[in-house]
Amino acid sequence: MKEMGIKAYRFSIAWSRVTPDGKGEINQKGLDFYKNLVDGLLAAGIQPFVTLHHYDMPLTLEQEGGWVSRDTVNRFAEYAGIMARHLGDKVKYWMTHNEPICIAGLGYSGTSEPPGLGDPKSGAQAIHNLLVSHGKAIRAIKTNSSEEAKVGIVLNLYPIQPYGGHTKEAHPDIPEDNLIAARLQDGIINRWFLDAIYYGKYPKDVWKYQKENNPDIEPGDMEIISIPQDFLGLNYYHRFVVKGERHNGELKIKTVPPQELGAPFSTMDWEIYPDGLGIVLRRIKKDYNNPIVFITENGVALADEIEPDGSINDITRINFLKAHVKEAEEAISDGIQLKGYFVWSLMDNLEWEIGFNHRFGLVYVDFKTLERTVKASGIWYKDWIRRLNI
């Protein structure tokens, strides 16, 4: 990273490495690992950006109900306080959760990620408890860190557009159900989190749509969720284009795949849509009072292959990064408080539910030998940082 000129590194702490049961005795070896990592980054002139919860949690807590259990909220706040007490004099930037919608939506409402409950009611409760724990963790970090500590949450946000055009005014033939579906999907994916964090409320249209699957809310919860944070972490990858379909009179939201749109896409089947980054950033500025934002993830999965000369010429990734960086630079020119940009990812790594089959890295990893090779995109990124002169 130092050789590439990288000035900041975002990494996550494994909760179970610090408190194996999520409570009680601290594992000193695990804590020392992160202390040494932070010291090494600072010695190299690299600012650590710490994420406390990136999907994984101690097994004991999961067996006791996981994020559906209210007790986990308090356990997470305790864990945040522990890390702040031990690293708060060195770490300035803290992120509570990474992509709570994936943790709860795919693991509790759905089945594609652990624990795979497939229960929408549990998923809604898990989202609410994650957000309450975010607010409590802000308090814990601020109480146990230096005055310079900055805390935020990381959300994966998307432009949600109706199939057939963006607006009824510009495209009068858009089916009304497509417009309704797009608004609801935006509420489920974007506004549910942003409205709660910035305004202390959940969107009424989504609350009505979810009906009996809404979470149980305790007195004071929304005030805790909306405790002011210092920045918003934004993970941006693609947009959603949706249709509304009726089944027995009930509206169902259907995502239109990029293949049907005739759009370029990654090996994850995610559309490559750079304009969406600018759309999301401007929407955050307009609707949520222009908060400080860090792009905490932005990248593309490709079928990278090593050439006979040993190089990896991932030109598509370079073009992807160029286009998204351009959107970011234009957003800054428009007055958006964008303060940083992190590529996902530095190295090819494990993707939570799909293993090692998709490569996002600037650095190629041979998963058999662990040999690492900087891709053409990594060389481009190094040159881009140098030209920025930061």
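Because the structure is a prediction, the values reported are computed rather than measured.
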Student: Is it true that K285 and D334 make a salt bridge, defined as a side-chain N closer than 4.0 Å to a carboxylate O?
Tutor: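 Salt bridge absent between K285 and D334.
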Student: Using atom types as modelled and distance alone, determine if a side-chain donor or acceptor of D348 lies under 3.5 Å from a backbone N or O of R359.
Tutor: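 Such a contact is absent between D348 side chain and R359 backbone.
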Student: Given the rule in the salt bridge (charged side-chain N to carboxylate O under 4.0 Å, His left out) test, do R70 and D221 qualify, once you have shown the distances and angles that lead to the verdict?
Tutor: CA-CA 11 Å; R70 186 72 183 201; D221 278 0; 2.7 Å; yes
Student: For N235 and T296, does a side-chain donor sit closer than 3.5 Å to a side-chain acceptor?
Tutor: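 Short answer, yes.
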Student: Look at the side chain of E327 and the backbone N and O of G276, then say whether any donor-acceptor pair between them is shorter than 3.5 Å.
Tutor: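 Not confirmed, E327 side chain does not pair with G276 backbone.
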Student: Rounded at 0.5 Å granularity, tell me how far CD1 in I217 sits from NE2 in H128.
Tutor: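 With rounding to 0.5 Å, CD1 (I217) is 5.0 Å from NE2 (H128).
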Student: Below 4.5 Å, heavy atoms only, C-beta onward: do L338 and L234 meet side chain to side chain?
Tutor: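 Side-chain contact under 4.5 Å: no.
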Student: side-chain hydrogen bond (donor to acceptor under 3.5 Å, both in side chains) with N298: which of Y341, Y236, W344?
Tutor: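 Answer after filtering Y341, Y236, W344: Y341.
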Student: Passes side chain to side chain contact (heavy atoms under 4.5 Å, CB included), W207 versus W192? Steps please.
Tutor: CA-CA 9 Å; W207 189 272; W192 188 267; 3.6 Å; yes
Student: Got a donor-acceptor contact below 3.5 angstrom from the D186 side chain to the I160 backbone?
Tutor: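 A pair under 3.5 Å: no.
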Student: For D309, does the CG atom sit with more than 12 other heavy atoms under 6.0 Å from it, leaving out its own atoms?
Tutor: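 Counting neighbours around CG of D309, more than 12 heavy atoms of other residues, nucleotides or ligands fall under 6.0 Å, so yes.
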Student: In the single-linkage hydrophobic clustering (I, L, V, M, F, W, Y; side-chain heavy atoms under 4.5 Å), do M4 and F49 co-cluster?
Tutor: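 No; F49 is not reachable from M4 via cluster members.
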Student: Using the rule given for side chain to side chain donor-acceptor pair (under 3.5 Å), can you reason through Y364 versus E371, listing the C-alpha separation, both sets of side-chain angles and the distance that settles it, and then say yes or no?
Tutor: CA-CA 8 Å; Y364 184 94; E371 182 180 357; over 6 Å; no
Student: Do V151 and T96 have side chains that get closer than 4.5 Å, going by heavy atoms?
Tutor: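 SC-SC contact between V151 and T96 confirmed.
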Student: With a 6.0 Å cut-off (strictly less than), is the heavy-atom count around CD of E25, excluding the residue itself, greater than 12?
Tutor: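 No, the 6.0 Å shell around CD holds no more than 12 heavy atoms from other groups.
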Student: Check whether any side-chain heavy atom of Y381 sits under 4.5 Å from a side-chain heavy atom of I6, and report yes or no.
Tutor: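 Yes, side chains in contact.
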Student: If you look only at pairs with a residue in residues 30-57, which of them pass as a salt bridge (Lys or Arg N to Asp or Glu O under 4.0 Å), with sequence neighbours excluded?
Tutor: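 Applying salt bridge (Lys or Arg N to Asp or Glu O under 4.0 Å) to every pair that reaches into residues 30-57, excluding sequence neighbours, yields D39-K90.
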Student: So, for F76 and H97, is the gap between ring centers shorter than 6.0 Å?
Tutor: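 Yes, they do, as the ring centres are separated by less than 6.0 Å.
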Student: Could you grab the distance from atom CZ of F367 to atom CZ of F356, nearest 0.5 Å is fine?
Tutor: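 The CZ atom of F356 is 5.5 Å from CZ of F367, to the nearest 0.5 Å.
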Student: E113 versus Y108: any side-chain heavy-atom pair under 4.5 Å?
Tutor: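 Heavy-atom side-chain distance check fails, nothing below 4.5 Å.
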Student: State plainly whether one hydrophobic cluster holds both I188 and L179, where clusters connect Ile, Leu, Val, Met, Phe, Trp and Tyr through side-chain heavy atoms under 4.5 angstrom apart.
Tutor: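 In one cluster with I188: L179, no.
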Student: So, is the end of the R239 side chain (NZ or CZ) under 6.0 Å from the ring centre of Y273 and within 45° of the ring's axis?
Tutor: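 The answer is yes; both the distance and angle limits are met.
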Student: Determine whether more than 12 heavy atoms belonging to other residues, nucleotides or ligands lie under 6.0 Å from atom CG of N289.
Tutor: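 Counting neighbours around CG of N289, 12 or fewer heavy atoms of other residues, nucleotides or ligands fall under 6.0 Å, so no.
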Student: If you round to the nearest 0.5 Å, how far is CG of L362 from OG of S345?
Tutor: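 S345 atom OG to L362 atom CG measures 7.0 Å (nearest 0.5 Å).
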Student: Given salt bridge (charged side-chain N to carboxylate O under 4.0 Å, His left out), test D21 with R75 step by step and report yes or no.
Tutor: CA-CA 10 Å; D21 292 324; R75 298 304 180 188; over 6 Å; no
Student: Would a single hydrophobic cluster contain both V50 and M1, if residues Ile, Leu, Val, Met, Phe, Trp and Tyr are joined by side-chain heavy-atom contacts under 4.5 Å?
Tutor: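 M1 and V50: one cluster.
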Student: With side chains defined as the heavy atoms from C-beta onward, is the minimum distance between I292 and K150 less than 4.5 Å?
Tutor: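 Side chain of I292 against side chain of K150, heavy atoms only: no contact under 4.5 Å found.
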Student: Quick check against the 3.5 Å criterion: does S311 have a side-chain atom that pairs as donor or acceptor with the backbone of N313?
Tutor: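 Between the backbone of N313 and the side chain of S311 there is no qualifying donor-acceptor contact (under 3.5 Å).
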Student: Relative to the ring of H238, is the ring of F240 parallel (under 30°), tilted (30 to 60°) or perpendicular (over 60°)?
Tutor: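 Perpendicular: the ring planes of F240 and H238 meet at over 60°.
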Student: List the steps, then state whether side chain to side chain contact (heavy atoms under 4.5 Å, CB included) holds for I197 with L155.
Tutor: CA-CA 11 Å; I197 289 167; L155 303 178; 4.2 Å; yes
Student: Going through the checks in order, is the side chain to side chain contact (heavy atoms under 4.5 Å, CB included) test met by M57 and T72?
Tutor: CA-CA 10 Å; M57 73 182 305; T72 303; 3.7 Å; yes
Student: Working to the nearest 0.5 angstrom, can you tell me the gap between D230 CG and K339 NZ?
Tutor: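 Output value for this atom pair is 13.0 Å.
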Student: Quick one: does K254's side chain have a donor or acceptor within less than 3.5 Å of a partner on V242's backbone?
Tutor: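 Answer holds: no.
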Student: Any chance the side chains of Y158 and N156 put a donor and an acceptor closer than 3.5 Å?
Tutor: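 Yes, because at least one side-chain N or O of Y158 sits under 3.5 Å from a partner of the opposite role on N156.
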Student: Just by modelled atom types, is the I153 backbone N or O under 3.5 Å from a matching donor or acceptor in the Q229 side chain?
Tutor: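 Confirmed, Q229 side chain pairs with I153 backbone.
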Student: May I have the step-by-step check of salt bridge (charged side-chain N to carboxylate O under 4.0 Å, His left out) for D195 and K204, ending in yes or no?
Tutor: CA-CA 10 Å; D195 285 10; K204 291 181 180 179; over 6 Å; no
Student: Out of curiosity, does I225 fall in the hydrophobic cluster containing I189 (side-chain heavy atoms, cut-off under 4.5 Å, transitive links)?
Tutor: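 Looking at the clustering, I225 is in the same group as I189.
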Student: Honestly curious: do V73 and I138 fall in one hydrophobic cluster under the side-chain, below-4.5 Å linking rule?
Tutor: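 Same cluster.
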Student: Is there side-chain contact between L157 and L194, with heavy atoms separated by less than 4.5 Å?
Tutor: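 In contact.
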Student: Would the number of heavy atoms belonging to other residues, nucleotides or ligands and lying under 6.0 Å from CD of E260 be above 12?
Tutor: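 Yes - once you tally the heavy atoms of other residues, nucleotides and ligands closer than 6.0 Å, there are more than 12.
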Student: Between D71 and S69, is there a side-chain donor-acceptor contact under 3.5 Å, judged purely by atom types and distance?
Tutor: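 Distance-only check fails for S69 and D71.
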Student: Can you tell me if D314 uses its side chain to pair, donor with acceptor, with the backbone of D304 under 3.5 Å?
Tutor: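 No; judged by distance alone, with no hydrogens or angles, the pair does not exist.
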Student: Side chains of M222 and Y202, heavy atoms from C-beta outward: is any pair under 4.5 Å?
Tutor: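 Side chain of M222 against side chain of Y202, heavy atoms only: contact under 4.5 Å found.
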Student: Would you call the rings of Y237 and W270 parallel, tilted or perpendicular, where under 30° means parallel and over 60° means perpendicular?
Tutor: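 Y237 and W270: tilted rings.
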Student: Which pair of non-hydrogen atoms, one from S145 and one from A84, has the smallest distance, and what is that distance?
Tutor: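 S145 and A84 have their closest heavy atoms at OG-CB, 3.3 Å.
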Student: Find out whether W67 and H53 are in side-chain contact, i.e. whether some heavy atom of one side chain is under 4.5 Å from a heavy atom of the other.
Tutor: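 Yes - at least one pair of side-chain heavy atoms lies under 4.5 Å apart.
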Student: Please report the C-alpha distance between K382 and V374 in whole Å, then the side-chain angles of each, then the deciding distance to 0.1 Å, and finally whether the side chain to side chain contact (heavy atoms under 4.5 Å, CB included) criterion is met.
Tutor: CA-CA 10 Å; K382 174 183 178 180; V374 179; over 6 Å; no
Student: Would the number of heavy atoms belonging to other residues, nucleotides or ligands and lying under 6.0 Å from CZ of R85 be above 12?
Tutor: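 It does: R85 CZ has more than 12 such atoms within range.
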Student: Please check if atom CD in Q28 has more than 12 non-hydrogen atoms from other residues, nucleotides or ligands closer than 6.0 Å.
Tutor: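 Counting other residues, nucleotides and ligands, CD of Q28 exceeds 12 neighbours.
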Student: Between Q337 and N290 (side chain of the first, backbone of the second, donor and acceptor by atom type, cut-off under 3.5 Å), is there such a pair?
Tutor: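 Such a contact is found between Q337 side chain and N290 backbone.
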Student: Hey, could you give me the CG/NZ distance between L184 and K208, rounded to the nearest 0.5 Å?
Tutor: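 Result: 10.0 Å between the selected atoms.
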Student: Verify the neighbour count for atom CD of Q259: are there more than 12 heavy atoms of other residues, nucleotides or ligands below 6.0 Å?
Tutor: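 Yes, enclosed.
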Student: Only one of N144, V91, L52, I141 clears side chain to side chain contact (heavy atoms under 4.5 Å, CB included) with M83; which?
Tutor: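 With M83 as partner, N144, V91, L52, I141 yield a single side chain to side chain contact (heavy atoms under 4.5 Å, CB included), made by L52.
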Student: Quick check against the 3.5 Å criterion: does N27 have a side-chain atom that pairs as donor or acceptor with the backbone of R17?
Tutor: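 Indeed, once roles are kept as given, a pair shorter than 3.5 Å links the two residues.
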Student: Using modelled atom types and a 3.5 Å cut-off, is there a donor and acceptor pairing between side-chain atoms of R317 and backbone atoms of V300?
Tutor: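 Checked: pair present.
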